[in-house]
Amino acid sequence: MRILLASLTASLCLSAPAFAQDRIALVIGNDEYATPGWALDNPVNDAELMGEALEAIGFDVEIVTDASLDEMEEAFQRHGSRLSEAGEDAIGFFFYAGHGAQSEGLNYLVPVDAEVYNEADLWREAPNLGLLFRYIERAGNSTNFIVLDACRNNPMPAATRSVDDRGLAAAGRVRGTLIAYSTAPGSVAADGTGENSPFTTALASLIQEPGYSAETMFRVVATRVEQITNERQLPWTESGLRGETDFCFAGCERTNDQRAEATALAAIIGSDNVDALEGFLEAFPQTKSRGMVEARIAELEQPAAFGSGRTPDSGPASTQDELEKLEDEENRLKAVLDVDQTVSSLIMPWRMEPKQVAARLGMAQRMLASDATYLRRDESYFVFFDTGSAELSDRSQADLKSYAEYVLREHAEKHGPRSIAVVSACDSTERTTSLCRNRGDVVFEFITKNFGLPENSVIPPESWGRHRQLSAGDSGIDQDSLNRYAVIQLLED
C-alpha cells in the first residue's frame, strides 16, 4: 500500500485560504487489484488530484492508495478519530476512486486484495459504506461530504446474480451529509481517456472555484460531466445538508474576472469546437478548469475512448446510412446468388427494421472498441416492450425463435459458456426498477428454456434502468419507445 499523509504545515497555510472550520479529508484510490483483469488506470491518479485540490482549499488530507481490506478499515477509523478531535464544527470529506459493488442495497468499496467470486465473498472481503457512516456519526461533526467515483466497468459478473455489477445503490439521505456519485445508481462510470476520470477532473476543477454553494457546485459538476461524456455518464447527488447558511468550498464571493471565466466556461465546455475550447485556455491561462477543458478536447479528438466505438474520422452513422448499407449488402448477395430473396431476409426479417437499426446504432455509441460485444454489435437483437409492460408480444416471440435457432445456438456452441449477454432498460418516464429487470429476466428465461442452448452460455441479465438512454438520432423513432427493451448481445473473445 502507498500512503501519503498531507497535514497542513506552516508553509502550506501561507498559500491556502483560511477558513473558520477545521477541514478533514480522507482520499482513497485503488487501481492495482490483485485479481487478473481487475486493474484500473486512473484511481490513484484521481486520488492524488483530489488530494491536491482539497489541500488548496484548506483541507488536512490523508491520501491512501492501493489499500487492502485492513488498511481501508483502519483509514475509516482514523478519519472518524480526526473528525472527533476537530470538534462538531469540523467539515469532513471522504473521496473514493476504484471498484465498487452493491449487494442487497448496500455499497461495498473493493480493496485491492479482494477475491470476490460470490456474494458472501463480497460481504467478507470488502468494507461497506455503512462502516464509514458509523465512524462519522460517532465523530458527531455537523457537515460531511462523501464522494464515490466508483463503479468503473466493475469486473465481477462471476459473482452471483444478487450482486449488482453495474454500479452502486442509492445510500439514502443521512442528516448533515451530502453523498455524490460519479454516475447514477445502477450505472457505470468512465475511467477516463487521460490520467483522470471525467468526474474527478470536473470535481477537482470546480471545487476550487469560489462562488458556488456545495449543492450548486455538485450540480455544476454533474452538468460538466454530462457535457464532457455526451450524457453517457450522469452523476447523482443525495443531500442531507441542513442549516440556513450556504457552505462554499472555496468561498462564496466571486470577483468580476471569476464571473467572466465561469460564464465563458459554461458556454464552451459542451462545445464540439476544439478551437473554441483552446481559445478559452488561451484567454484564461491560469484557470483551475484546465484539466476539464483538456479532457473535453481529448474526448472530441478521440471519441472512441468515451464509448462511441468509432474511429475519429468515421463520423456518426445515421439510421438511414445504416439501412442503405444493409440494403446494398442484401442486393449484392441476391445478384451473386441469382435469387429474389436471401436466406437472411427470410429467417431474420427484423435485421433491417429501422427501430432495430436505430437501437444498434445507439448501443454502439456506448461501446468501447475493446468491449467484448463490440465486434458482434451488428448482430444484437432488441426486444421492444409496451409502456409499463414486461410481456413478450407474439411477434417478439416469433422473431426470438428465429434469432435463437439461427444465431444464438451456433454462437453458443462455438464460443461456449458466458458468450451471450442480456441487458434491459426502461424509458425515461418509467420509475419502477423491477420493471426494467423483469424485461431482461423474461428474455433470459425464453431463450434459455426453449432452444437447447449449451449450459451457462447466457450470462444472467443486468439492467441499465432508465439512466443510460439510447439516442434515437435522426431515425424519427420515439426515443422512449426505443428505450423500452431487452437486448441480446453476442460476446466475442
Side-chain angles (χ1 to χ4, degrees), residues 3-29 47-64 67 71-97 109 127 129-149 171-181 203-204 206-218 221 237-253:
I3 295 183
L4 304 174
L5 184 57
S7 297
L8 294 178
T9 62
S11 60
L12 183 57
C13 286
L14 292 176
S15 58
F19 296 97
Q21 315 98 329
D22 286 335
R23 298 180 167 203
I24 308 296
L26 170 62
V27 174
I28 298 178
E48 292 172 350
L49 179 62
M50 272 311 305
E52 293 172 1
L54 290 167
E55 287 176 19
I57 54 173
F59 278 86
D60 183 356
V61 184
E62 179 182 3
I63 303 178
V64 180
E71 289 162 343
M72 287 182 70
E73 292 182 345
E74 290 166 1
F76 288 178
Q77 185 176 22
R78 285 195 303 272
H79 185 58
S81 296
R82 294 169 69 212
L83 288 173
S84 181
E85 292 170 3
E88 64 179 15
D89 291 333
I91 306 297
F93 195 103
F94 172 78
F95 174 89
Y96 172 79
L109 309 182
L129 204 56
L131 177 63
L132 178 66
F133 284 149
R134 287 197 292 274
Y135 283 120
I136 290 174
E137 288 167 359
R138 181 180 298 175
N141 63 304
S142 59
T143 304
N144 288 279
F145 298 90
I146 295 175
V147 179
L148 304 174
D149 193 356
R173 293 194 173 191
V174 178
R175 184 178 177 85
T177 300
L178 183 147
I179 306 171
Y181 305 85
L203 177 59
L206 289 166
I207 203 169
Q208 300 177 67
E209 296 288 344
Y212 293 116
S213 68
E215 288 167 314
T216 299
M217 190 271 296
F218 279 104
V221 168
T237 303
E238 302 172 27
S239 180
L241 297 182
R242 295 294 185 268
E244 298 180 2
T245 304
D246 288 336
F247 174 80
C248 304
F249 285 100
C252 293
E253 297 300 322

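All values derive from a computational prediction rather than experimental measurement.
Note that CD of E52 is 9.0 Å distant from CD of Q208, once rounded to the nearest 0.5 Å. Note that CD of E55 is 13.5 Å distant from CZ of R23, once rounded to the nearest 0.5 Å. Interatomic distance, CG of L241 versus OG1 of T143, reported as 6.5 Å (0.5 Å rounding). One finds the CG atom of D246 at 12.5 Å from the CE atom of M217 (value rounded to the nearest 0.5 Å). We find the CG-CD distance between L178 and E238 to be 9.0 Å, quoted to the nearest 0.5 Å. One distance of note links CD1 of I136 with CG of N141; it measures 7.0 Å at 0.5 Å rounding.
In this structure, the side chains of R78 and L26 stay at 4.5 Å or more apart for every pair of heavy atoms. Inter-residue side-chain proximity for D22 and I91 is flagged as unmet; no heavy-atom pair is nearer than 4.5 Å. Using a 4.5 Å heavy-atom threshold, the side chains of F95 and I28 count as separate. The shortest distance between side-chain heavy atoms of I146 and Y96 does not fall below 4.5 Å.
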Side chain to side chain contact (heavy atoms under 4.5 Å, CB included) between L109 and L148, worked out: CA-CA 9 Å; L109 309 182; L148 304 174; 4.3 Å; yes

Worked check of side chain to side chain contact (heavy atoms under 4.5 Å, CB included) between I57 and E209: CA-CA 9 Å; I57 54 173; E209 296 288 344; over 6 Å; no

Derivation of the side chain to side chain contact (heavy atoms under 4.5 Å, CB included) call for F249 and F145: CA-CA 11 Å; F249 285 100; F145 298 90; 3.8 Å; yes

Side chain to side chain donor-acceptor pair (under 3.5 Å) between E88 and S142, worked out: CA-CA 6 Å; E88 64 179 15; S142 59; over 6 Å; no

Residues S84, S81; criterion side chain to side chain donor-acceptor pair (under 3.5 Å); working and verdict: CA-CA 5 Å; S84 181; S81 296; over 6 Å; no

D60 and R82: CA distance, side-chain angles, deciding distance, salt bridge (charged side-chain N to carboxylate O under 4.0 Å, His left out) verdict: CA-CA 10 Å; D60 183 356; R82 294 169 69 212; 3.3 Å; yes

Verdict with reasoning, D149 to V147, per side chain to side chain contact (heavy atoms under 4.5 Å, CB included): CA-CA 7 Å; D149 193 356; V147 179; 5.6 Å; no

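Heavy-atom minimum distance, H79 versus F93: CE1-O, 3.6 Å. In plain terms, the two heavy atoms of A53 and I207 that are nearest each other are CB-CG2, 4.0 Å. The minimum heavy-atom distance linking A250 with P210 is given by the pair O-CB, 3.5 Å. The heavy-atom pair separating I63 from E48 by the smallest distance is CD1-CA, 4.3 Å. The two residues E73 and P127 have their closest heavy-atom pair at CG-CB, 4.2 Å. Minimum interatomic distance between L83 and A139 (heavy atoms only, all atoms of both residues): CB-CB, 3.7 Å.
The one candidate from F59, F76, Y135 that meets the ring pair (Phe, Tyr, Trp, His ring centres under 6.0 Å) condition with F94 is F76.
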